[in-house]
Structure formats: structure tokens, C-alpha cells
Amino acid sequence: MIKKETELGKFLAKIADELNITETMYDKAVQSYTAVGKWLGDGLNYTVEIMPQGSMNLGTAVRPVNENDDYDIDLVCLLHEGWQLDAKTIKELVGKRLKEHETYNEKLEEGRRCWKMNYAGFHMDILPCVPKNRVFMKNNHTEIRLTHKNDNGTYLDKYSNPYGYKLWFEQQMLNIYNILREKYAAKHRTIIDDVPFYKVRTPLQQSVQLLKRHRDIMFSGKSNIAPISIIITTLAAKAYNNEIDLYEALNNILDNMPIYIENRNGVAWVENPVMPDENFADKWQTHP
């Protein structure tokens with residue numbers, strides 16, 4: 001690789017580092033959602049598990065363009081033994097318990113699928129859900145059933161697999177991730193297994209961060225037609241070829257992302273890699 005490309009890779013890596021949320025921001029978020037999880041678990045007759053999903057879980061979160069804006073943390077609130085509950089009950093059980101806490105009640109807003117909690121500098125979207133198939137077992141049965149509230153007050157069952165998606169995403173960059181963890185452990189004289197996930201950023205994660213920032217600026221004021229993060233993340237992960245240099249990785253990703261946008265009988269389709277029947281681009285039909 002010529003020197004110019006090497007320097008560009010370093011320059012892009014510095015930009016990506018600036019996009020990261022700070023360790024203080026990360027720790028504050030973890031403390032906040034851990035406390036919420038404890039409150040829910042102490043008051044519901046179910047085993048409650050709070051798990052991050054989305055960019056916070058994948059190491060691809062970016063700071064807001066405007067420092068005065070907040071960033072979001074997406075959380076799964078899993079009721080382990082609640083597989084028989086109907087959609088409305090799933091949503092209302094979690095909301096009712098949150099409203100019983102004076103501070104949480106003041107921060108609470110209801111969305112179609114989530115309960116939103118507003119904090120200084122960030123907000124949490126808490127997604128009530130249950131196991132899709134009776135039990136939730138990491139690495140085996142990780143599909144969940146969530147709830148969607150319609151405008152007329154009726155509810156629909158929806159399905160997702162954020163835990164399975166994270167495992168898939170990690171697999172797409174596993175070789176480079178292990179190399180970088182070894183380097184980090186050697187530099188800080190620690191055991192590899194003790195290196196937290198968020199301490200290492202692979203070229204795939206950095207590429208996703210750069211693409212998301214590009215999206216945020218390019219579609220400023222046009223959020224209704226901006227590509228959603230899960231599409232950017234999925235296409236980038238499918239195109240990534242374990243490049244260790246960020247400039248090379250980003251060029252390869254940009255060249256190959258379109259290959260993974262399918263045409264299924266005239267419908268643009270970006271397949272969820274862990275739930276093939278789900279199309280992340282389903283809204284493109286009405287919002288191209």
C-alpha cells in the first residue's frame with residue numbers, strides 16, 4: 001500500500017475515534033440501565049434480563065452531530081417466563097412497573113414498541129419482549145417476540161433476534177478483532193479475556209461509524225429518507241473482508257455494499273442475516 005493510502009487510513013481512524021462516545025458516557029449508560037433492570041426485576045413476577053442492542057452493543061455508536069443533542073441506547077427487556085403473554089400485556093407490565101418509580105415516571109414516554117426514558121445527554125429505549133419459543137438460551141434459542149402498538153390502540157406481535165445479530169456481526173470481523181485484542185492486552189499487560197468489547201474498534205466498526213456520520217450530515221433535516229443504521233451496519237458487515245487497514249476496508253465496503261441489496265420480485269430486500277424472512281428495507285417501498 002502506498003504511503004498516501006496509509007496516511008489516509010490513519011486520518012480516518014482518528015476521525016472514527018472522535019466519533020466514539022466517551023468511556024464516562026458509556027459507564028453512565030451502563031449504570032443507568034443496570035439500575036432500571038434491577039427495579040423491573042424486583043417488581044415483576046418474571047426473571048427480567050436487560051440487554052443492550054443496536055449500536056451500543058455492536059461498538060458502532062456515534063456521538064450526535066450537535067453536541068446539544070442526546071444519543072440513544074437501545075435495550076431489550078426480556079421477561080424469561082412470559083412466552084404465553086399477549087402483546088398488550090407484555091408492553092403494559094413493563095410500563096406499569098416503570099411508572100411506580102417516581103424518578104422513572106417523570107422521564108417516561110411511550111412509543112409504538114418501546115418505553116423511552118430521557119436522561120441528561122442520552123435516552124434509553126426499553127423494548128419489552130418475551131422468548132419467541134418458550135425459552136431464551138444464548139447461542140441457541142435467541143429469537144424474541146416483541147409488541148407493536150397501532151394508532152388505533154390494537155397490538156401486533158413482531159419478532160427479532162438482536163442477540164443472534166450481535167453474534168453474527170462479531171463473526172464477520174472475528175479474525176481482526178482477536179488480533180486487536182491481543183495487541184491491546186499486550187500493551188496494557190492484561191489477559192485477553194479481560195479486554196472489554198468496547199475497548200477495541202475494528203476497521204468494520206470504524207467504517208460503520210464513518211458511514212453513519214456521513215448519513216447524519218448528508219441527510220440533515222431529511223431524517224425521514226435517511227438510511228437506517230441497521231441497513232448500513234448489515235451491508236457493511238456483509239461486504240467487509242477482514243481488512244486490517246481502515247482506508248482499504250472502507251473502499252472495499254463501499255464497492256461491495258450494493259451487491260447485498262437483493263431484488264425479490266421487484267422488491268428491494270436487505271436480508272436480516274439471522275432472520276432471513278425479515279427485510280430491513282421494507283419501508284423502501286413507500287419511502288424509496
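Atoms considered below: every heavy atom in the structure, side chains included; atoms not considered: hydrogens, waters and symmetry mates. Sequence positions, counted from 1, serve as the residue numbers for this chain.
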Over all heavy atoms of both residues, which pair between [X] and [Y] is shortest? Give the atoms and the distance, please.
{"X": "N263", "Y": "G266", "result": "OD1-N, 2.7 Å"}
{"X": "Y71", "Y": "A29", "result": "OH-CB, 4.3 Å"}
{"X": "T202", "Y": "M173", "result": "OG1-SD, 3.1 Å"}
{"X": "G37", "Y": "I50", "result": "CA-CG1, 3.3 Å"}
{"X": "V200", "Y": "Q205", "result": "O-OE1, 3.4 Å"}

To the nearest 0.5 Å, what is the distance between [atom1] ([X]) and [atom2] ([Y])?
{"X": "R215", "Y": "L210", "atom1": "CZ", "atom2": "CG", "value": "12.5 Å"}
{"X": "E278", "Y": "W269", "atom1": "CD", "atom2": "CH2", "value": "9.5 Å"}
{"X": "R134", "Y": "Q84", "atom1": "CZ", "atom2": "CD", "value": "6.5 Å"}
{"X": "Y260", "Y": "L235", "atom1": "OH", "atom2": "CG", "value": "10.0 Å"}
{"X": "I230", "Y": "L58", "atom1": "CD1", "atom2": "CG", "value": "7.0 Å"}
{"X": "C129", "Y": "L85", "atom1": "SG", "atom2": "CG", "value": "11.5 Å"}

Strictly distance-based, threshold 3.5 Å: is any side-chain N or O of [X] a donor or acceptor partner for the main-chain N or O of [Y]?
{"X": "T286", "Y": "K283", "answer": "yes"}
{"X": "T142", "Y": "K138", "answer": "no"}
{"X": "E81", "Y": "T47", "answer": "yes"}
{"X": "N279", "Y": "A268", "answer": "yes"}
{"X": "N57", "Y": "P52", "answer": "yes"}
{"X": "E7", "Y": "K4", "answer": "no"}
{"X": "R145", "Y": "D157", "answer": "no"}
{"X": "N150", "Y": "G153", "answer": "no"}

For this session: Starting from the C-alpha separation in whole Å, work towards a yes-or-no answer on side chain to side chain contact (heavy atoms under 4.5 Å, CB included) for Y33 and M56.
Result: CA-CA 12 Å; Y33 75 67; M56 193 77 169; 5.5 Å; no

Heavy-atom count check: over 12 atoms from other residues, nucleotides or ligands less than 6.0 Å from [X] [atom1]?
{"X": "H148", "atom1": "NE2", "result": "yes"}
{"X": "N45", "atom1": "CG", "result": "no"}
{"X": "N265", "atom1": "CG", "result": "no"}
{"X": "Y159", "atom1": "OH", "result": "yes"}

Would a hydrophobic clustering, with Ile, Leu, Val, Met, Phe, Trp and Tyr connected at side-chain separations under 4.5 Å, put [X] with [Y]?
{"X": "L246", "Y": "I179", "value": "yes"}
{"X": "I259", "Y": "L250", "value": "yes"}
{"X": "L108", "Y": "V94", "value": "yes"}
{"X": "I90", "Y": "L156", "value": "no"}
{"X": "I228", "Y": "V274", "value": "yes"}

Tell me, do [X] and [Y] make a side-chain contact under 4.5 Å, heavy atoms counted?
{"X": "V36", "Y": "L98", "answer": "yes"}
{"X": "F169", "Y": "L204", "answer": "yes"}
{"X": "N118", "Y": "E109", "answer": "yes"}
{"X": "P203", "Y": "E248", "answer": "no"}
{"X": "S229", "Y": "F280", "answer": "no"}
{"X": "I73", "Y": "Y119", "answer": "no"}
{"X": "D151", "Y": "R112", "answer": "yes"}
{"X": "M124", "Y": "W115", "answer": "no"}

Salt bridge check, [Y] against [X]: does any charged N sit closer than 4.0 Å to a carboxylate O?
{"X": "R213", "Y": "D216", "result": "yes"}
{"X": "E18", "Y": "K14", "result": "no"}
{"X": "R264", "Y": "E271", "result": "yes"}

Applying ring pair (Phe, Tyr, Trp, His ring centres under 6.0 Å) to Y240 and not counting sequence neighbours gives none

| field | Charged tip of R97 within 45° of W39 ring normal and under 6.0 Å | value | yes

_Is there a side chain to side chain contact (heavy atoms under 4.5 Å, CB included) between L211 and I253? Walk through the geometry before answering._
CA-CA 10 Å; L211 291 170; I253 287 169; 4.2 Å; yes

Take Q209 and N20 through the side-chain hydrogen bond (donor to acceptor under 3.5 Å, both in side chains) test and state the conclusion after the steps.
CA-CA 8 Å; Q209 289 179 303; N20 287 334; 2.6 Å; yes

message = Using a 4.5 Å cut-off between side-chain heavy atoms of Ile, Leu, Val, Met, Phe, Trp and Tyr, which other residues end up in the same hydrophobic cluster as V76?
response =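 Result for V76 is M51, L78, L127, F136, I144, L146, Y163, L167.
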
- Is the closest side-chain donor-acceptor distance between Y165 and T234 under 3.5 Å?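 Y165 vs T234: donor-acceptor pair found between side chains.
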
Only one of Q206, K212, R201 forms a side chain to side chain contact (heavy atoms under 4.5 Å, CB included) with T60, so which one is it?
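That would be K212.
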
Exactly one of R113, K96, E110 clears side chain to side chain contact (heavy atoms under 4.5 Å, CB included) with K91, and that residue is E110

Report task. Mind running side chain to side chain contact (heavy atoms under 4.5 Å, CB included) on K238 and W168 for me, showing each step along the way? Result -> CA-CA 10 Å; K238 288 183 176 182; W168 172 82; 3.7 Å; yes

Inset, instruction - Take T147 and K88, measure what side chain to side chain contact (heavy atoms under 4.5 Å, CB included) needs, and give me the verdict at the end. - result: CA-CA 7 Å; T147 169; K88 181 179 181 180; over 6 Å; no

